[in-house]
Amino acid sequence: MIGRPRISVIVPTHGRPSSVLRTLRALEGQLEPVAMEVIVVLDGPSEESERALRSLMTTFPLDVLVQEQAGAASARNRGADRARAAVLLFLDDDVEPLPGLLAAHLRAHESSPGAVVLGPYWPEIPVTRRLHPIMVREWWAATFTGMSKPGHRFGYRDLLAGNLSIPAEIFRARSGFDPAFPMAGGEDWELGIRLLRSGAAFVYTPDAAARHHESSTPAKSFRRARLEGAGDVRIGLRHPWLRGDLPFAWWRKAGRLKRFVRWVAFRAPAVGDLAVAVAPWPLHVLDVLRCRAMWHRLGHTVRHYCYWRGVAELLPGVDDLDAFLDPGARTDPAWREIELDLRAGLPEGRRRLDIERPDAVRLRYGSMDLGAMPPIPGLEPLAGRHLDAVLETLGVPLFALSLAMENASLSPALPPRLGEEAAIP
């Protein structure tokens, strides 16, 4: 009898047979065939895709499921329902795993049981002078580089479903992806909220790397921005305590142009939609002429409109938006704050944060108040690895703090004032 595989790879796909075949071929040889299974979910019947997948010869077990088009969230859940392994790995159909990706995910789960493992998928974009591909490459690079920093504090927007593994038990206990997010409009972020609130730890594993065959264009980025706007509203509907920290919650503080764009999205969407339809043409001209500043300004303005257009789909009036953001309509969770006296030393401070995992911390050095890090909705609780970043945010130089601690051990009554340079004997 064949035993249970160690990892189930789930690939949702829609209308991209050549892309999903490339992903499957890259999985060959990653692990012993008995250690893995692959489940491809066709989101929307496609004779071409189904024929290509069912005729593909693989060394690993391959299961092909077909469903009426319902979105990536539903397709991933369908694949998870069929999966037999204790670890689920979700890959997008345009993500080509590099050698060792599966093994790196499994190693991460062995060293961090119960963790949610995030792997990078670097955009595979040809070298070009075109501004949009450069912008896309820079965004992805900044995203994954930020996760790799030792003091990075993970938030729900770090959960990207293109290269993500999670224990099956935890995924099912959280009810998987929310299928109410039908078209890649925040279903991974919404799952990230529930996972972080349940105490799950996020782990970034750079060795679990893949190539992302990014095919974004300005027009596609506009559609994506609209989906993100609607997705953020859905997130606020399910998690009212997050409403004040969603991107559109700061609209009253926006400049005149952004307020005008918001007005168009609510009051004159036909005019705005026409502008979006023709925007790729002037953007192309500005790109050819190398007018970078104008290109960025126009593209950002159009994406800003599209985001608000998505918001207006679910909150059709400004009054609806105001009611949605009314602080009285939000119920904040019970944040936990602790106080740390750093006279006990930085290692002791890190140890306390690792044990207590507060949402906020107030720091002091004896009677000296160093400041407070307030709770930030949507971020993981504070841990020891975050302490240096917290001190940096509060403007406390680490060298001055270390010197204060060293001198305090010699003369506790006369610690130097933090932030001042001390004379070197």
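This chain uses plain numbering: 1 for the first residue, then up along the sequence. All of these numbers come straight from a predicted model, not from anything done at the bench.
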(request) State whether the side chain of Asn163 and the backbone N or O of Ala209 hold a donor-acceptor pair below 3.5 Å, judged by distance alone. (result) no
(message) On a heavy-atom basis, which atom in Pro150 and which in Arg385 lie closest, and how many Å separate them?
(response) O-CD, 3.3 Å
(message) Please determine whether the number of non-hydrogen atoms from other residues, nucleotides or ligands lying under 6.0 Å from atom CZ of Arg290 exceeds 12.
(response) yes
(request) Verify salt bridge (Lys or Arg N to Asp or Glu O under 4.0 Å) between Arg309 and Glu313, making sure each step is shown before the conclusion. (result) CA-CA 6 Å; Arg309 188 74 171 84; Glu313 288 178 1; 5.1 Å; no
(message) Could you check whether any side-chain N or O of Thr23 sits under 3.5 Å from a backbone N or O of Val95, counting only pairs where one atom can act as donor and the other as acceptor?
(response) yes
(message) Heavy-atom count check: over 12 atoms from other residues, nucleotides or ligands less than 6.0 Å from Glu28 CD?
(response) yes
(request) Indicate yes or no: at least one non-hydrogen side-chain atom of Arg297 is less than 4.5 angstrom from one of Leu257. (result) yes
(message) For a 4.5 angstrom cut-off between non-hydrogen side-chain atoms, does Thr205 reach His105?
(response) no
(request) Considering non-hydrogen atoms only, spot the tightest contact between Ala265 and Trp308 and give its length. (result) CB-CB, 3.7 Å
(request) Can you see which heavy atom on Pro374 is nearest to which on Ala360, and at what distance? (result) C-CB, 3.8 Å
(request) Please determine if Glu96 and Arg25 form a salt bridge, counting it only when a charged side-chain N lies under 4.0 Å from a carboxylate O. (result) no
(request) Decide side-chain contact (heavy atoms from CB on, under 4.5 Å) for Asp207 and Arg107; before the verdict, give the C-alpha distance in whole Å, the side-chain angles of both, and the deciding distance to 0.1 Å. (result) CA-CA 10 Å; Asp207 292 342; Arg107 285 196 303 270; 4.2 Å; yes
(request) Determine whether the aromatic ring centres of Phe171 and Phe90 lie less than 6.0 Å apart. (result) yes
(request) Give a yes or no on whether a salt bridge exists between Arg172 and Asp81, defined as a side-chain N under 4.0 angstrom from a carboxylate O. (result) no
(request) Verify whether one side chain among Ser8 and Glu37 offers a donor that lies under 3.5 Å from an acceptor in the other. (result) yes
(message) So Thr58 and Val38, do their side chains get closer than 4.5 Å, heavy atoms only?
(response) no
(request) Determine yes or no for a side-chain-to-main-chain donor-acceptor pair under 3.5 angstrom, with Gln30 supplying the side chain and Leu98 the backbone. (result) yes
(message) Let's go through Arg194 and Glu187 carefully: what are the C-alpha distance in whole Å and the side-chain angles of both, what is the deciding distance for salt bridge (Lys or Arg N to Asp or Glu O under 4.0 Å) to 0.1 Å, and is it a yes or a no?
(response) CA-CA 11 Å; Arg194 288 183 279 122; Glu187 76 280 0; over 6 Å; no
(message) Within the 3.5 Å criterion, strictly below it, is a donor on His109 or Ser165 matched to an acceptor on the partner's side chain?
(response) yes
(request) Any chance you could measure Leu27, atom CG, to Leu91, atom CG, to the nearest 0.5 Å? (result) 6.5 Å
(message) Would you say His212 and Asp94 are linked by a side-chain donor-acceptor pair, where the criterion is simply a distance under 3.5 Å?
(response) yes
(request) Return the minimal non-hydrogen interatomic distance between Tyr305 and Pro269, and the atom names on each side. (result) OH-O, 3.1 Å
(request) Determine whether Pro377 and Trp335 make a side-chain contact, defined as any pair of heavy atoms from C-beta on separated by less than 4.5 Å. (result) yes
(request) Considering only NZ, NE, NH1 and NH2 on the basic side and carboxylate oxygens on the acidic side, decide whether Lys149 and Glu392 come within less than 4.0 Å. (result) no
(request) Could you walk me through whether Glu339 and Arg364 pass salt bridge (Lys or Arg N to Asp or Glu O under 4.0 Å), step by step? (result) CA-CA 8 Å; Glu339 187 174 89; Arg364 59 185 179 86; 2.7 Å; yes
(message) Is the distance between the ring centroids of Tyr121 and Trp140 under 6.0 Å?
(response) yes
(request) Let me see the working for Arg153 and Leu382 under side-chain contact (heavy atoms from CB on, under 4.5 Å), right down to the final yes or no. (result) CA-CA 8 Å; Arg153 190 177 178 189; Leu382 288 163; 3.6 Å; yes
(message) Can a donor-acceptor pair be found, under 3.5 Å and without considering hydrogens, that links the side chain of Ser112 to the backbone of Ala115?
(response) no
(message) Closer than 3.5 angstrom, by distance alone: can the side chain of Glu190 be matched with the main-chain N or O of Ile235 as a donor-acceptor pair?
(response) no
(request) Hey, could you give me the CG/CE distance between Leu363 and Met368, rounded to the nearest 0.5 Å? (result) 13.0 Å
(message) Distance check, rounded to the nearest 0.5 Å: Leu379 atom CG versus Ile193 atom CD1?
(response) 11.0 Å
(message) Can you tell me which residue among Asp92, Asp188, Asp43 is in a salt bridge (Lys or Arg N to Asp or Glu O under 4.0 Å) with Arg76?
(response) Asp92
(message) Tell me whether Glu348 at atom CD has more than 12 heavy atoms from other residues, nucleotides or ligands lying less than 6.0 Å away.
(response) yes
(message) Under a plain distance cut-off of 3.5 Å, with no hydrogens placed, do His152 and Asp158 share a side-chain donor-acceptor pair?
(response) yes
(request) Look at the side chain of Ser111 and the backbone N and O of Ala108, then say whether any donor-acceptor pair between them is shorter than 3.5 Å. (result) yes
(request) With rounding to the nearest 0.5 Å, note down the distance linking CG in Leu246 to CZ in Arg234. (result) 13.5 Å
(message) Please check: side-chain N/O of Asp326 versus main-chain N/O of Ala323, any donor-acceptor pairing under 3.5 Å?
(response) no
(message) When you compare the side chain of Leu321 with that of Phe266, does any pair of heavy atoms fall below 4.5 Å?
(response) yes
(request) Pick out which of Arg137, His213, Glu214 makes a side-chain contact (heavy atoms from CB on, under 4.5 Å) with Glu124. (result) His213
(message) Distance alone, cut at 3.5 Å: any donor-acceptor contact between the side chains of Arg16 and Thr13?
(response) no
(message) Contact between Leu160 and Phe144 at the side-chain level, heavy atoms closer than 4.5 Å - yes or no?
(response) yes
(message) Are the side chains of Leu286 and Leu131 in contact, using a 4.5 Å heavy-atom criterion?
(response) no
(message) Do Arg243 and Phe324 form a cation-pi contact, if we require the NZ or CZ to be under 6.0 Å from the six-membered ring centre and within 45 degrees of the ring's axis?
(response) yes
(request) For Glu356, look at atom CD and say whether over 12 heavy atoms of other residues, nucleotides or ligands are found less than 6.0 Å away. (result) yes
(message) Out of the candidates Arg157, Arg226, Arg238, only one should pair with Asp232 under the salt bridge (Lys or Arg N to Asp or Glu O under 4.0 Å) rule; please name it.
(response) Arg157
(request) Compare all side-chain heavy atoms of Leu298 with those of Met294 and state whether any distance is below 4.5 angstrom. (result) no
(request) Could you go through the salt bridge (Lys or Arg N to Asp or Glu O under 4.0 Å) check for Asp369 and Arg362 one step at a time? (result) CA-CA 8 Å; Asp369 185 12; Arg362 177 167 291 279; 3.1 Å; yes
(message) Restricting to non-hydrogen atoms, name the atom on Ala86 and the atom on Arg4 that form the minimum distance, rounded to 0.1 Å.
(response) CB-NH2, 3.8 Å
(message) So, taking the atom named CE in Met373 and the one named OG1 in Thr393, what distance separates them when rounded to the nearest 0.5 Å?
(response) 4.0 Å
(message) To the closest 0.5 Å, what do you measure between OG (Ser221) and CH2 (Trp139)?
(response) 12.5 Å
(message) In terms of relative ring orientation, are His300 and His304 parallel, tilted or perpendicular, with 30° and 60° separating the classes?
(response) parallel
(request) Grab the two heavy atoms, one from Pro97 and one from Leu101, that are nearest each other, plus how far apart they are. (result) CB-CD1, 3.8 Å
(message) Can a donor-acceptor pair be found, under 3.5 Å and without considering hydrogens, that links the side chain of Asp93 to the backbone of Ser19?
(response) no
(request) Would you check if the side chain of Arg336 reaches a backbone N or O of Arg357 as a donor-acceptor pair within less than 3.5 Å? (result) yes
(request) May I ask you to say whether Arg6 pairs ionically with Glu110, meaning some side-chain N is under 4.0 Å from a carboxylate O? (result) yes
